[in-house]
Amino acid sequence: MAAEPGEEGIRAISSIAYGFMGSQALYSALELGVFTALSAGPRGGDDLAAGLGAAPGPFRALLAALEALGLLEREGEGLYRNAEAAGTYLDGASRRYIGDYYLRQVAALLYPSAPAARAAVRGADAAPADYFAFLDEPARAEEFIRGQHNGSAGPAYLLAKRLDLSGSARLLDLGGGSGVFAIEMVRRNPGLSAVVVDHPKVAAVAEKIVAEAGLSDRIACAGGDALEGEWPPGGDVILLSYVISSYGEEARASLLARAFAYLPSGGRLIVHDFALHGDRPGPRTSALWFFANLAISDATHPHTAPGIAAALAHAGFASVTAAPHIPDVTHLFTGRKEEG
């Protein structure tokens, strides 16, 4: 039977409008530890509820939602197991677990602040200037930063694997958060040291994470502001990961010009960030992230990949490259300050 005119369109619109329901089901499952509890094998719904201390009736509704979302699969009569992706990325015992990123960063902070993005578009004075007020609560701040670390581990590993930094001596990781990118790059390049620059309270947590990685002798953590503060001297490669997307074109130009002036001859710049295609819509995740990030910074600008590459060249960088990094999400840009 043929679909009614517009039927596919309303389904797509409804999927967007009701998208929050799926994310809340995911967050609920992560809070309870559903995917970790199923790592040992299939379990019945009531048995699983009892083991997790969940209310049996509401828990059945959660299981139905998780199955419909493709996160759980049913085996036999009333037995549930993790779908492949859930077992890989949402089981707390998995080496590729990223659940804490969704739970501690997205669900706890970004999701509740999302209405402020709508306010920013209206021009209302509701942009959450206090978004980072949680940094004044040490336990909550550390939980958030560790969640961020968890979510960035995969992209950082891929970036370190992709780039050859064997000729570089010191990495300046501006806005480096937990230090995850610096950790992966230093691990892969024995001759490389690094300094991570971020808000002083973020840097304090990064210092702990670096110590846990056994790299305190090669990675320093310093409090500072990537855009306006002083940069520690001595770097011959600069990393800007998830930094440019929070600023407009003017601030982007200023930051890139400053990076060019800072680097020695032969120095390298690496930019990893969300970026839109210049000739077609999307990527979808990048476009949505630019909108959601208005809740954090109303200066957020929807940069395009060609625009960022052109900005690197305009700042003076040569041998500029631009390519997707995380498929349909982020791009990677590189440039070099020519000798002379």
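The first residue of the sequence shown is numbered 1, and numbering continues consecutively from there.
Heavy atoms from other residues, nucleotides or ligands lying under 6.0 Å from OH of Y157 number 12 at most. Counting heavy atoms of neighbouring residues, nucleotides and ligands inside a 6.0 Å radius, atom CZ of R118 does not exceed 12 of them. More than 12 heavy atoms of other residues, nucleotides or ligands lie within 6.0 Å of CD in E212, so this atom counts as buried by the packing criterion.
Remark: side-chain polar atoms of R336 are paired, donor with acceptor, to backbone N or O of G266 under 3.5 angstrom. Proximity of a side-chain donor or acceptor of D273 to a complementary backbone N or O of V243 within less than 3.5 Å is detected. Without hydrogens or angle criteria, Y262 side chain to G235 main chain gives a donor-acceptor distance under 3.5 Å. Panel note: side chain D236, backbone R170; a donor-acceptor pair is recorded below 3.5 Å. Checked by atom type and distance alone, the side chain of S297 never pairs as donor or acceptor with a backbone atom of L294 at under 3.5 Å. No donor-acceptor pair closer than 3.5 Å links the side chain of S28 to the backbone N or O of Q24. At distances below 3.5 Å, not a single donor-acceptor pair connects side-chain atoms of N189 with backbone N or O atoms of G191. Without hydrogens or angle criteria, K337 side chain to L263 main chain gives a donor-acceptor distance under 3.5 Å. Within the 3.5 Å criterion, the main-chain N or O of A206 finds no donor-acceptor partner in the side chain of S178.
Between N293 and S245, the closest heavy-atom pair is ND2-O, 4.2 Å. Between D328 and P283, the closest heavy-atom pair is O-CB, 3.0 Å. Here the shortest heavy-atom pairing between A83 and G70 reads CB-O, 3.2 Å. M185 and L163 get closest at one heavy-atom pair: CE-CD1, 4.1 Å. Scanning all heavy atoms of the two residues, the minimum distance from L255 to W231 falls at CD1-CZ2, 3.8 Å. Taking every heavy atom of both residues into account, G87 and S94 meet most closely at O-CB, 3.8 Å.
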Problem set entry | S246 vs T300, side-chain hydrogen bond (donor to acceptor under 3.5 Å, both in side chains): CA-CA, chis, key distance, verdict | CA-CA 4 Å; S246 290; T300 298; 4.8 Å; no

For this session: Begin from the C-alpha positions of R146 and E142 and carry the test salt bridge (charged side-chain N to carboxylate O under 4.0 Å, His left out) through to its verdict.
Result: CA-CA 6 Å; R146 288 186 180 277; E142 183 162 347; 2.9 Å; yes

Problem set entry | Stepwise salt bridge (charged side-chain N to carboxylate O under 4.0 Å, His left out) test for R43 and E75 | CA-CA 9 Å; R43 292 177 64 177; E75 182 178 289; over 6 Å; no

For this session: For T330 and H272, run side-chain hydrogen bond (donor to acceptor under 3.5 Å, both in side chains): C-alpha distance rounded to whole Å, both residues' side-chain angles, the deciding distance at 0.1 Å, then the answer.
Result: CA-CA 7 Å; T330 63; H272 169 245; 2.9 Å; yes

Problem set entry | Audit row: V271, T334, side-chain contact (heavy atoms from CB on, under 4.5 Å) steps and yes/no | CA-CA 6 Å; V271 176; T334 66; over 6 Å; no

For this session: Please report the C-alpha distance between V205 and H149 in whole Å, then the side-chain angles of each, then the deciding distance to 0.1 Å, and finally whether the side-chain contact (heavy atoms from CB on, under 4.5 Å) criterion is met.
Result: CA-CA 11 Å; V205 178; H149 183 89; over 6 Å; no

Exercise. Would H325 and L158 count as a side-chain contact (heavy atoms from CB on, under 4.5 Å) if you check the C-alpha gap in whole Å, the side-chain angles of each, and the deciding distance to 0.1 Å?
Worked result: CA-CA 8 Å; H325 183 60; L158 292 174; 3.8 Å; yes

For this session: Applying salt bridge (charged side-chain N to carboxylate O under 4.0 Å, His left out), run through K161 and E184 and close with a yes or a no.
Result: CA-CA 8 Å; K161 183 178 179 181; E184 292 298 337; over 6 Å; no

For this session: Could you walk me through whether V197 and L172 pass side-chain contact (heavy atoms from CB on, under 4.5 Å), step by step?
Result: CA-CA 8 Å; V197 179; L172 179 62; 3.9 Å; yes

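Once rounded to the nearest 0.5 Å, the distance linking CG of L256 with NE2 of H314 reads 11.0 Å. Separating the CG atom in L159 from the CD1 atom in I326 is a distance of 9.0 Å, to the nearest 0.5 Å. The structure places CG of D217 at 10.0 Å from OG of S193, a figure rounded to the nearest 0.5 Å. Rounding to the nearest 0.5 angstrom, the gap separating the CD1 atom in I183 from the CZ atom in R218 is 11.5 Å. The line from OH of Y242 to OG of S152 is 5.0 Å long, rounded to the nearest 0.5 Å. Summarising the geometry, atom NE2 belonging to H199 is positioned 9.5 Å from atom CG belonging to D225; distances are rounded to the nearest 0.5 Å.
You'll find the side chain of Q105 reaches within 4.5 Å of the side chain of Q148, heavy atoms only. Within the 4.5 Å cutoff, the side chain of D173 has no heavy atoms near those of the L240 side chain. Contact of the V195 side chain with the I219 side chain is not registered, since no non-hydrogen atoms from C-beta on lie closer than 4.5 Å. L269 has its side chain out of reach of F333: every pair of non-hydrogen atoms, C-beta onward, lies at least 4.5 Å apart. Side-chain contact between L48 and L38 is present, with at least one heavy-atom pair separated by less than 4.5 Å. At a threshold of 4.5 Å between non-hydrogen side-chain atoms, the residues L165 and R268 count as touching. L276 is not listed as a side-chain neighbour of H303, based on a closest heavy-atom distance of 4.5 Å or more. Inter-residue side-chain proximity for R81 and L72 is flagged as unmet; no heavy-atom pair is nearer than 4.5 Å.
The pair E143-R140 does not meet the salt-bridge criterion, since no charged nitrogen lies less than 4.0 angstrom from a carboxylate oxygen.
Between the side chains of H301 and R252, no donor-acceptor pair of N or O atoms lies under 3.5 Å. Looking only at atom types and distance, the side chain of T88 has no donor-acceptor partner in the side chain of R96 under 3.5 Å away.
At a threshold of 4.5 Å between side-chain heavy atoms, the hydrophobic network of Ile, Leu, Val, Met, Phe, Trp and Tyr places I244 and F290 in two separate groups. Follow the hydrophobic side-chain contacts under 4.5 Å out from I145 and you reach Y97 in the same cluster. No path of Ile, Leu, Val, Met, Phe, Trp and Tyr side chains, each step under 4.5 Å between heavy atoms, connects L227 with I270, placing them in separate hydrophobic clusters. Connection of F35 to L52 is established within a shared hydrophobic cluster, with ILVMFWY side chains joined at heavy-atom distances below 4.5 Å, either directly or through further cluster members. Hydrophobic clustering (side-chain heavy atoms under 4.5 Å, transitive across Ile, Leu, Val, Met, Phe, Trp, Tyr) keeps I16 apart from Y111.
Screening V34, L69, L90, V106 for a side chain to side chain contact (heavy atoms under 4.5 Å, CB included) involving L26 leaves a single residue, L90.
Close placement of the F317 and F260 rings is indicated, their centers lying within 6.0 Å of each other.
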